[in-house]
Amino acid sequence: MHRLFSFLLLALLSLNSASASSEYHEQLVLQPLPLSALLASFNFRSITALSAFEAHNFRFFPRSLGQILQHADTRELHLRFTLGRWDAESWGARPWDGAREGGTGVELWAWLEAETDEEADQKWLTLTNALSGLFCASLNFIDATRTTRPVMSFQPEGDHPNSTVNNMHLLYGVLPHEVVCTENLTPFLKLLPCKSKAGIATLLDGHKLFDASWQSMAIDVRPVCPDGEECRLEIEQTIDMVLDIERSKRPRDNPIPRPSPGHELKCDTSKPYHADDTCFPADYSTSQDWSLSQLFGKTIERPCPLTDPGVPPVCLNVPDSRTVFISHGVVEKKNPDGMSRCFDIPPEVDFNLSLPGPEQKEGEEGNVQIEVTSDLVKSKTPLLYAERSFTGHGQERGGVQTMLRNPSPDNEVEFIYMESLPWFMRIYLHTMEARIEGSHGHNSSNSLIEEVYYRPALDRARGTQLEVRMRIPPASTVFLTYDFEKSILRYTEYPPDANRGFDVAAAVITILNSDKSSPRFAAYNLRTTSLLCSLPTPDFSMPYNVIIFTSTAIALAFGGMFNILVRRFVAADEGPESNLKAAGQRLKGRLAALFERLRNKRTGIVAEKQPAPAPQ
Amino acid sequence: MDGGKVTPGRTMALLAGASVLRLAMFTLLPGLPDLLAGRVEISTPVTSFKRLQEGLFLYNHNVSPYDGGVYHQAPLLLPLFSLLPSFAAFPLATYMLYIGADLLSARALLRIAGSGEAGESALFASPRREKRASGLVVAALFLFNPFTIASCVGRSTGVFTTCAILHAIARAVSGAPLGAMVALSFAAYLSMYPLLLLPPLLLLCYDRQLPKRATRSLTQFATTHLAVAAGVLAALFWMSFLVAGSWEFLPSTYGVQLTLSDLAPNVGLWWYFFVEMFDSFRSFFLAVFWLHLSCYVGGLTVRLRRQPLAVLTLLLGIFAVFKPYPSISDTSLFLALVPLYRHVVPLMRYTFVVAAVIMYATFLGPAFYHLWIYAGSGNANFFYAITLVWGLGQSLLVCDLTFAVLRDEWEVERPEMVGKEIRQI
């Protein structure tokens, strides 16, 4: 709700300052979540006039990225670095309705302007290699086997003139194995006008960010053309993280977790067996008291001077009933909905924020959880829950099962399910089946699956691309399953840790906007978790042995055949002596003669000798 | 061997028994067909029924099955199976097709055995030919061979290749060279390697021509019939082009066999060799393996000129070991033809060793595969070792049979040597 409000505010502001060709603003939204988690959403947005951008006149737009985009003719770019898993069951709907996050690892999709597919591939190669250098990520490993051209799942977010739309190619690449870490954060922060020297970006620190339960860094570049105005290029950088408050508050000098002493454990006292020596951990940890300096290890060092003063840099989504302590000089503005408040930070003021725990009513022991929940802003229920897993066992074949649950009691949900799978998972599309929980007929597939786009994998050339448009009735769970076979690879194609398995990229689920008048294509996005697929492995230690053994088997067969075919049959006592036997006899005769001569010399008797015994 | 006399009644009883057995396995054991279809010993990338179904599904949904890495089988199988009622709804039609293919193979075998070609060809009559096996025994050994039954129940498309090859031989021995060429073209179209059987088959056709329309000149005969085979193949390719809509089926069906791009484990020697092969030598060894496979054709054809059927049998044995994607269906074809040479079995030296090795590999192969893939307590070398043993056992059988056939030939010149010890120089 608050976000909507700030968007409105932004829209108003942008109308007011329409003449300004470039602007920048940033905002941090903090939202406590159940189970002692805290969602921190950092959003940085710079806008430049498209004409200025094309004239190489970058102002707030990062020059390094801008030049790459110009060089590769990229009209729209989306880059995601994600770690961890969003726990939708407890945390509810995703921030930004899932539009600013990717699957585990690195995800990149872009619209490139090119005349032909080959030209687009070439530019894509340029783009991935350049971004790889810029962000210190292995984006250059996005080759043809990891690139797909989605047909249904993505639509450009920006406004593109009709002349370019026809020549725009969407390419999508994903690296599920990439581990996102500090080396990706540093170049990300360097793109900001204030870097990490001032403003909310001072809070971003690799130790905290990558220690989060879930984090996602996103870069979105898109042209925006308001009606009757000059087109502008917008770059939006977003970092969303879910911090475990308990974990983040652990002091830095004592970071090793140790079991807490018995009297510090938080127990559910309502359990009948609760006693001094028996503790059932409380479902909801009451440690909802925290301050920015505790969580991030520092405070916000003065606001970024370049930011638009109309946008409050920090907002906190808690009910008005909760008390918040803020630094001196900071102005608190409560939003009319009573569920959030924002803070304006005057220049040259350091900002800290402290949220004490909710007041607990003593005596009502059984209702602890209910009391506490009312002290949080309740998050929205997501439009869809999705879980994907492997079925079957063994390294020969398996299946993929995705459980899709529509929680809404009265609205059906229509979405596109997209998988981009590596080529060595050979999927059998004829086994794909969607069934509603509880039913076992084949009829259900037809009504649930509306459209399928499938591009099968080619060995070592490209991966499988599968897009399925489905519709799930209200309050029901659907299982989408298909079988696949695991290939065995050449031994040089396995990574060094072959037995760890191969990462399979997350499935992308795009829920279509049922409101056709809305300009937004997707009402909600989500990604499943990525999977780890173990392939059969050869024995890496013995290529020579295998070559020798197989060659021996072939030589035995060939030699045997050759012998039988080319040699003549004779009776056992016919024909000449075999060479070996004759040579043996000759050698024996010579040795005997030599021996005889030696003996004769020694005795000095030269006598007539009988010749050596004739060979038998 | 009066008990093996071929009468229509006995033939019918044999065929009926075999089909009832297969039908019972299809219907009474519902899990068995899919279990067998998933075994690597039966389903190779170029014969798997599951891949055929996937190709069929894509074909019926207007996705080219050859623009993917799953389907590597001949394009004309697609319209054939589309004409059948859908497998999911009405599997009996597919079962009947496979059973029918097996029965046709058995009939072809009956005809081959009945012609007596194995014991008495145009240029050679074995002194032992009186002891040859009756057609019924040969057909029964084929129909009730566990390998044949497993291939049929596992619905490997190798069954159709087997049927085409046996028909080619049957047409050849009954003096219908054109029919033989057509059948062999079908076999070559389905699996490519039967093309290597062309030289001995031509000789067999030439030897068994009907006297009234015989062509005296071998060159003229060969040219005409090669042209027929080429014509039939060209027609098949053209029809495939119409079905597939482009020529991309060629690299996807025959190219895969030539380059072994799919390294799925099977009972042959190629897959593990090329898994472990260094990249720079891959093409060289592919060429060497193919050269090795085809080098037997010339040698055997020349050396056993007087017994072309023996050449065909031995070549099928060699292919069952050394072709790129062998399965037990190829072995079952070889083992179907071996009983034709029952009269030379007393001349073989290693029958017990061969039988023991083949049994050993048959039982240990699935166990070792399980240890590697499912239990995780063995590695790939376990299964590889068994495929080596299997290959060695079969190649020993081929060598031994060659020896027996040659010795049988030699004893015509030296009748006094029967039963004596001999050696080769």
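So that the names make sense, note that chain A is the first sequence line, chain B the second, and so on, each numbered from 1. Note that the structure is a prediction, hence the values are computed from the model and not measured.
- Aromatic ring centres of A/Tyr544 and B/Phe278 lie closer together than 6.0 Å.
- Distance check, rounded to the nearest 0.5 Å: OG1 of A/Thr431 to CD of B/Glu54 gives 7.0 Å.
- Using a 4.5 Å cut-off on side-chain heavy atoms (C-beta onward), B/Phe289 and A/Thr550 make contact.
- Contacts between B/Arg282 and chain A at a heavy-atom distance below 4.5 Å involve the side chain alone, from C-beta outward.
- If you tally non-hydrogen atom pairs under 4.5 Å between each of A/Asp459, A/Thr552, A/Val570 and chain B, the highest count goes to A/Val570.
- Interface check for chain B: of the options A/Thr537, A/Val452, A/Leu556, A/Asp573, the most heavy-atom pairs under 4.5 Å are formed by A/Thr537.
- Other residues, nucleotides and ligands place more than 12 heavy atoms under 6.0 Å from the CZ atom of A/Phe390.
- Taken to the nearest 0.5 Å, the OG atom of A/Ser487 stands 9.0 Å off from the CG atom of B/Leu263.
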- Could you walk me through whether A/Met561 and B/Leu300 pass the side-chain contact (heavy atoms from CB on, under 4.5 Å) test, one step at a time? CA-CA 9 Å; A/Met561 272 313 256; B/Leu300 281 171; 3.7 Å; yes
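- Heavy-atom contacts from other residues, nucleotides or ligands closer than 6.0 Å to CD of B/Glu416 number more than 12.
- When each of A/Val546, A/Ile554, A/Leu458 is checked for heavy-atom pairs under 4.5 Å with chain B, A/Val546 comes out on top.
- A 6.0 Å sphere centred on CZ of B/Phe87 holds more than 12 heavy atoms belonging to other residues, nucleotides or ligands.
- Only the side chain of B/Asp279 has a heavy atom closer than 4.5 Å to any heavy atom of chain A.
- Residue A/Tyr454 places its OH atom among more than 12 non-hydrogen atoms of other residues, nucleotides or ligands, all under 6.0 Å distant.
- Looking at A/Ala571, both its backbone and its side chain come within 4.5 Å of chain B, counting heavy atoms on both sides.
- Contact of B/Asp262 with chain A is made through backbone and side chain together, with heavy-atom distances under 4.5 Å.
- Across B/Trp270, B/Trp372, B/Phe322, the residue that shares the most heavy-atom pairs under 4.5 angstrom with chain A is B/Trp372.
- A heavy-atom distance below 4.5 Å is not found between the side chains of A/Phe558 and B/Ile318.
- Between chain B and the options A/Gly560, A/Pro538, A/Ala553, the largest number of non-hydrogen pairs under 4.5 Å is found for A/Pro538.
- Both the backbone and the side chain of A/Ile547 come within less than 4.5 Å of a heavy atom of chain B.
- The closest donor-acceptor contact from the side chain of A/Arg397 to the backbone of B/Gly38 lies under 3.5 Å.
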- Task: Decide yes or no on side-chain contact (heavy atoms from CB on, under 4.5 Å) for A/Tyr428 and B/Arg51, but give the supporting numbers first.
- Result: CA-CA 8 Å; A/Tyr428 289 108; B/Arg51 290 180 186 241; 3.5 Å; yes
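- Atom CZ in B/Phe403 sits 7.0 Å away from atom CD1 in A/Ile564 (nearest 0.5 Å).
- Heavy-atom pairs under 4.5 Å with chain A peak, among B/Phe274, B/Tyr296, B/Phe285, at B/Tyr296.
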- Message: Please evaluate residues A/His430 and B/Lys50 with respect to the criterion side-chain contact (heavy atoms from CB on, under 4.5 Å), reporting the C-alpha separation (whole Å), side-chain torsions for both, the decisive distance (0.1 Å), and the verdict.
- Response: CA-CA 9 Å; A/His430 74 270; B/Lys50 195 163 184 186; 4.1 Å; yes
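- Interface residues of residues 395-402 of chain B toward chain A, defined by a heavy-atom distance below 4.5 Å and sorted by number: B/Ser395, B/Val398, B/Cys399, B/Thr402.
- Under a 3.5 Å cut-off, the side chain of B/Arg423 and the backbone N or O of A/Ala572 do form a donor-acceptor pair.
- Looking at A/Asp483, the atoms closer than 4.5 Å to chain B (heavy atoms on both sides) all sit in the side chain, from C-beta outward.
- Residues B/Trp271 and A/Ile488 come closest through the heavy atom pair CZ3-CD1, 4.2 Å.
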- Message: Under the criterion side-chain contact (heavy atoms from CB on, under 4.5 Å), I'd like the reasoning laid out for A/Glu396 against B/Tyr374: C-alpha separation, chi angles, the key distance, then a yes or no.
- Response: CA-CA 8 Å; A/Glu396 188 178 15; B/Tyr374 292 101; 2.7 Å; yes
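- Of the residues considered (A/Pro536, A/Gly394, A/Ser534, A/Ser551), A/Gly394 shows the highest number of contacts with chain B, using heavy-atom pairs under 4.5 Å.
- Among residues 460-468 of chain A, the residues having any heavy atom closer than 4.5 Å to a heavy atom of chain B are, in sequence order, A/Arg460, A/Arg462.
- Counting only heavy atoms from C-beta outward, the side chains of B/Val70 and A/Pro456 never approach each other to under 4.5 Å.
- With rounding to the nearest 0.5 angstrom, the CD atom of A/Gln395 is 5.5 Å from the CD1 atom of B/Ile373.
- Proximity to chain A involves both the backbone and the side chain of B/Leu406, based on heavy atoms less than 4.5 angstrom apart.
- Atom CZ of A/Phe569 is separated from atom CD of B/Glu413 by 10.5 Å, given to the nearest 0.5 angstrom.
- Residue contact with chain A, scored on non-hydrogen atoms closer than 4.5 Å, involves the side chain of B/Leu392 exclusively.
- The residue among B/Met277, B/His292, B/Met417, B/His61 with the most heavy atom pairs within less than 4.5 Å of chain A is B/His292.
- In terms of heavy-atom pairs under 4.5 Å with chain A, the best-connected choice from B/Val63, B/Thr387, B/Asp67 is B/Asp67.
- Only the side chain of A/Glu485 comes within less than 4.5 Å of a heavy atom of chain B; its backbone N, CA, C and O stay farther away.
- Remark: A/Leu565 CG to B/Gln424 CD distance equals 9.0 Å, nearest 0.5 Å.
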